[in-house]
Amino acid sequence: QVQLVESGGGLVQAGDSLRLSCAASGRTFSSYAMAWFRQAPGKEREFVAAVSGSALRQFYADSVKGRFTISRDNVRNTVYLQMNSLQSEDTAVYYCAAGRLLVTINAYDYWGQGTQVTVSS
(Lines give C-alpha, C1' and ligand atoms only; values in the text may rest on other atoms or scores of the structure.)
Protein backbone atom coordinates (compact mmCIF):
# COMPACT_ATOMS: atom_id res chain seq x y z
CA GLN A 1 0.00 0.00 0.00
CA VAL A 2 1.27 3.46 -0.93
CA GLN A 3 -0.16 6.75 0.25
CA LEU A 4 0.59 9.89 -1.74
CA VAL A 5 0.28 13.49 -0.63
CA GLU A 6 0.78 16.34 -3.08
CA SER A 7 1.77 19.90 -2.22
CA GLY A 8 3.03 23.04 -3.89
CA GLY A 9 0.06 24.12 -5.95
CA GLY A 10 -1.15 27.70 -6.07
CA LEU A 11 -2.05 30.74 -8.11
CA VAL A 12 0.66 32.12 -10.39
CA GLN A 13 0.90 34.37 -13.41
CA ALA A 14 1.66 33.24 -16.93
CA GLY A 15 5.39 32.79 -17.38
CA ASP A 16 6.00 31.97 -13.73
CA SER A 17 7.39 28.74 -12.30
CA LEU A 18 6.06 26.35 -9.68
CA ARG A 19 7.33 23.13 -8.16
CA LEU A 20 4.96 20.41 -7.06
CA SER A 21 5.97 17.75 -4.56
CA CYS A 22 4.46 14.37 -3.80
CA ALA A 23 5.46 12.59 -0.62
CA ALA A 24 4.94 8.84 -0.54
CA SER A 25 4.61 6.49 2.40
CA GLY A 26 5.89 2.94 2.44
CA ARG A 27 9.26 1.26 2.06
CA THR A 28 8.86 0.20 -1.59
CA PHE A 29 8.83 3.65 -3.16
CA SER A 30 11.71 2.96 -5.55
CA SER A 31 9.92 -0.08 -6.97
CA TYR A 32 7.19 2.10 -8.45
CA ALA A 33 7.22 4.33 -11.46
CA MET A 34 5.79 7.70 -10.50
CA ALA A 35 3.74 10.01 -12.64
CA TRP A 36 1.89 13.28 -12.69
CA PHE A 37 -1.50 13.63 -14.32
CA ARG A 38 -3.75 16.67 -14.47
CA GLN A 39 -7.42 17.37 -14.91
CA ALA A 40 -8.83 20.69 -16.06
CA PRO A 41 -12.49 21.61 -15.46
CA GLY A 42 -14.76 19.77 -17.86
CA LYS A 43 -11.91 17.70 -19.28
CA GLU A 44 -10.62 14.19 -18.80
CA ARG A 45 -7.59 13.46 -16.68
CA GLU A 46 -4.46 13.51 -18.83
CA PHE A 47 -0.88 12.31 -18.56
CA VAL A 48 1.77 14.94 -17.86
CA ALA A 49 5.03 13.18 -16.98
CA ALA A 50 6.43 9.93 -15.59
CA VAL A 51 9.71 8.73 -14.16
CA SER A 52 11.00 5.21 -13.67
CA GLY A 53 11.79 3.77 -10.26
CA SER A 54 15.51 4.27 -10.81
CA ALA A 55 14.92 7.80 -12.14
CA LEU A 56 16.89 6.91 -15.28
CA ARG A 57 13.93 7.29 -17.66
CA GLN A 58 11.44 10.13 -17.96
CA PHE A 59 8.50 10.63 -20.28
CA TYR A 60 6.54 13.78 -21.00
CA ALA A 61 3.38 14.82 -22.74
CA ASP A 62 4.11 16.89 -25.83
CA SER A 63 2.28 19.85 -24.31
CA VAL A 64 4.78 20.16 -21.45
CA LYS A 65 7.99 18.90 -23.03
CA GLY A 66 10.78 21.43 -22.57
CA ARG A 67 8.88 23.29 -19.83
CA PHE A 68 8.26 20.67 -17.13
CA THR A 69 10.76 18.37 -15.44
CA ILE A 70 9.92 15.34 -13.35
CA SER A 71 12.39 14.03 -10.79
CA ARG A 72 12.41 11.84 -7.72
CA ASP A 73 14.36 11.37 -4.51
CA ASN A 74 14.22 7.75 -3.41
CA VAL A 75 15.76 8.59 -0.05
CA ARG A 76 13.07 11.15 0.78
CA ASN A 77 10.34 9.10 -0.97
CA THR A 78 9.34 12.16 -2.92
CA VAL A 79 8.64 12.94 -6.55
CA TYR A 80 8.73 16.46 -7.94
CA LEU A 81 7.35 18.30 -10.92
CA GLN A 82 9.19 21.49 -11.80
CA MET A 83 6.95 23.61 -14.01
CA ASN A 84 8.44 26.56 -15.88
CA SER A 85 6.95 29.02 -18.36
CA LEU A 86 3.48 28.25 -17.09
CA GLN A 87 0.56 29.02 -19.38
CA SER A 88 -3.15 29.42 -18.72
CA GLU A 89 -3.69 26.04 -20.41
CA ASP A 90 -1.73 24.44 -17.54
CA THR A 91 -4.49 25.34 -15.09
CA ALA A 92 -5.74 22.08 -13.59
CA VAL A 93 -5.75 19.86 -10.56
CA TYR A 94 -2.48 17.94 -10.59
CA TYR A 95 -2.40 14.37 -9.31
CA CYS A 96 0.54 12.24 -8.30
CA ALA A 97 0.34 8.51 -9.06
CA ALA A 98 2.38 5.35 -8.43
CA GLY A 99 2.36 2.30 -10.67
CA ARG A 100 3.89 1.04 -13.90
CA LEU A 101 5.89 3.21 -16.29
CA LEU A 102 3.15 3.89 -18.80
CA VAL A 103 1.19 6.95 -19.87
CA THR A 104 -2.25 5.50 -19.28
CA ILE A 105 -4.32 6.13 -16.19
CA ASN A 106 -5.07 2.46 -15.56
CA ALA A 107 -1.33 1.67 -15.21
CA TYR A 108 -1.28 3.48 -11.87
CA ASP A 109 -2.65 1.86 -8.74
CA TYR A 110 -2.21 4.62 -6.18
CA TRP A 111 -3.26 8.26 -6.40
CA GLY A 112 -2.93 11.37 -4.32
CA GLN A 113 -5.76 13.76 -3.56
CA GLY A 114 -4.58 16.40 -6.03
CA THR A 115 -3.29 19.94 -5.79
CA GLN A 116 -4.74 22.92 -7.66
CA VAL A 117 -2.58 24.92 -10.05
CA THR A 118 -4.10 28.10 -11.45
CA VAL A 119 -2.28 30.22 -14.02
CA SER A 120 -3.63 33.68 -14.68
CA SER A 121 -2.94 35.30 -18.02
Side-chain angles (χ1 to χ4, degrees):
Q1 189 78 9
V2 178
Q3 293 184 325
L4 304 172
V5 179
E6 301 99 333
S7 62
L11 172 63
V12 297
Q13 294 187 336
D16 284 352
S17 298
L18 205 58
R19 189 176 82 155
L20 304 183
S21 300
C22 174
S25 66
R27 292 175 289 181
T28 59
F29 178 70
S30 62
S31 66
Y32 291 96
M34 298 297 297
W36 289 93
F37 287 76
R38 66 187 181 186
Q39 188 166 17
K43 295 187 176 181
E44 294 186 351
R45 193 170 298 190
E46 65 175 6
F47 170 79
V48 175
V51 61
S52 64
S54 64
L56 293 179
R57 291 183 292 167
Q58 301 89 36
F59 298 96
Y60 296 93
D62 288 343
S63 59
V64 306
K65 204 171 293 184
R67 299 188 299 122
F68 290 12
T69 302
I70 189 171
S71 61
R72 66 189 295 162
D73 184 334
N74 286 344
V75 173
R76 292 182 169 84
N77 282 10
T78 303
V79 62
Y80 304 97
L81 185 68
Q82 177 67 43
M83 305 185 293
N84 298 331
S85 302
L86 282 162
Q87 306 165 358
S88 57
E89 306 87 85
D90 297 317
T91 295
V93 177
Y94 283 72
Y95 296 92
C96 173
R100 294 174 292 151
L101 190 62
L102 295 169
V103 302
T104 54
I105 290 175
N106 59 12
Y108 294 86
D109 300 313
Y110 303 102
W111 293 82
Q113 82 289 349
T115 185
Q116 176 71 47
V117 173
T118 303
V119 184
S120 64
S121 56

If I compare all heavy atoms of [X] with all of [Y], which pair ends up nearest, and what's the gap?
X: Val93; Y: Gly114; result: CG1-CA, 3.8 Å
X: Thr91; Y: Ala40; result: O-CB, 3.7 Å
X: Val48; Y: Tyr94; result: CG2-CE2, 4.4 Å
X: Gly10; Y: Leu18; result: N-CD2, 4.0 Å
X: Ser85; Y: Ser17; result: N-OG, 4.3 Å
X: Val51; Y: Ala55; result: CG2-CA, 3.6 Å

Going by side chain to side chain contact (heavy atoms under 4.5 Å, CB included), Cys96 matches just one of Val79, Leu20, Val5. Which one?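 Exactly one candidate clears the test, Val79.
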Quick one: pull up [atom1] in [X] and [atom2] in [Y] and give me the separation to the nearest 0.5 Å.
X: Ile70; Y: Gln82; atom1: CD1; atom2: CD; value: 12.0 Å
X: Cys22; Y: Phe29; atom1: SG; atom2: CZ; value: 7.0 Å
X: Ser121; Y: Leu86; atom1: OG; atom2: CG; value: 12.5 Å
X: Ser52; Y: Arg100; atom1: OG; atom2: CZ; value: 15.0 Å
X: Gln58; Y: Leu101; atom1: CD; atom2: CG; value: 9.5 Å

Contact check, side chains of [X] and [Y], non-hydrogen atoms, under 4.5 Å:
X: Met83; Y: Trp36; answer: no
X: Val117; Y: Arg38; answer: no
X: Leu4; Y: Tyr95; answer: no

Would you find more than 12 non-hydrogen atoms of other residues, nucleotides or ligands less than 6.0 Å from Gln39 atom CD?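 Atom CD in Gln39 is packed in, count exceeds 12.
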Pairs involving residues 46-74, ordered by first then second residue, that meet ring-ring contact (aromatic ring centres under 6.0 Å, His included) (sequence neighbours left out):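 Sorted pair list: Phe37-Phe47.
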Kindly work out whether a path of hydrophobic side-chain contacts (I/L/V/M/F/W/Y, heavy atoms less than 4.5 Å apart) joins Tyr110 to Tyr108. no
Using the rule that two of Ile, Leu, Val, Met, Phe, Trp, Tyr join whenever any of their side-chain heavy atoms come within less than 4.5 Å, decide whether Val119 and Val64 are in one cluster.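 In one cluster with Val119: Val64, yes.
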Mind jotting down which residue pairs meet the side-chain hydrogen bond (donor to acceptor under 3.5 Å, both in side chains) criterion with at least one end in residues 66-77? Sequence neighbours excluded, please. Arg67-Asp90, Arg72-Asn74, Asp73-Arg76
side-chain contact (heavy atoms from CB on, under 4.5 Å) partners for Glu44, two or more places apart: none
Answer yes or no: is there a donor N or O on one side and an acceptor on the other, between the side chain of Glu6 and the main chain of Gln113, under 3.5 Å?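 Checking the backbone N and O of Gln113 against the side chain of Glu6, a donor-acceptor pair under 3.5 Å is found.
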